Amino acid sequence: MQEGAGMAEDFGRYWVAGLIMAVATEFINTLTYIIGTWRPNFYPEWILGLLTGIAGIAMFILVPWIYGRLVEFVYIHFISGEG
């Protein structure tokens, strides 16, 4: 990108990058809502607590990693124009 090129000249790339991040955010939000409200009838409460804890720890690790990789991908392919 040239010196002084701002957001106005590259509006389309920033718009696509924002759209991708919005879709990814809504997907992860929906996924966490589904996991958080899932209540099986045949498991004892301690197994449900264990499954909820495992899902919470996995999301605590995976969600920031996924967002980081997605931000890197979006920046390289849409904003910087290198990809």
Side-chain angles (χ1 to χ4, degrees):
M1 204 162 29
Q2 63 193 14
E3 183 82 24
M7 194 172 189
E9 288 103 14
D10 297 325
F11 179 75
R13 287 194 274 179
Y14 282 95
W15 189 86
V16 170
L19 180 65
I20 291 170
M21 291 305 296
V23 169
T25 300
E26 186 56 37
F27 173 75
I28 290 175
N29 184 32
T30 303
L31 187 64
T32 56
Y33 172 77
I34 290 169
I35 290 171
T37 57
W38 178 64
R39 302 283 298 178
N41 295 328
F42 51 91
Y43 288 132
E45 287 296 317
W46 69 271
I47 293 179
L48 185 59
L50 182 65
L51 291 174
T52 304
I54 290 170
I57 291 171
M59 285 190 289
F60 181 74
I61 294 169
L62 290 176
V63 168
W65 180 80
I66 291 168
Y67 270 130
R69 299 295 299 194
L70 184 62
V71 167
E72 178 184 21
F73 175 82
V74 166
Y75 178 77
I76 290 172
H77 289 89
F78 293 99
I79 296 174
S80 72
E82 294 174 9

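The analysis underlying the following values was restricted to heavy atoms, covering all of them including side chains, and did not include hydrogens, waters or symmetry mates. Because the structure is a prediction, the values reported are computed rather than measured.
To the nearest 0.5 Å, atom CG of residue L31 and atom CD of residue E26 are 11.0 Å apart. The distance from the CE atom of M59 to the CD1 atom of I54 is 12.0 Å, given to the nearest 0.5 Å. The OG1 atom of T25 sits 8.0 Å away from atom CG of L70, with the distance rounded to the nearest 0.5 Å.
Within 6.0 Å of atom OH in Y67, more than 12 heavy atoms from other residues, nucleotides or ligands are found, so the atom counts as buried in its surroundings.
A continuous path of hydrophobic side-chain contacts links M21 to W65 [ILVMFWY only; heavy atoms under 4.5 Å].
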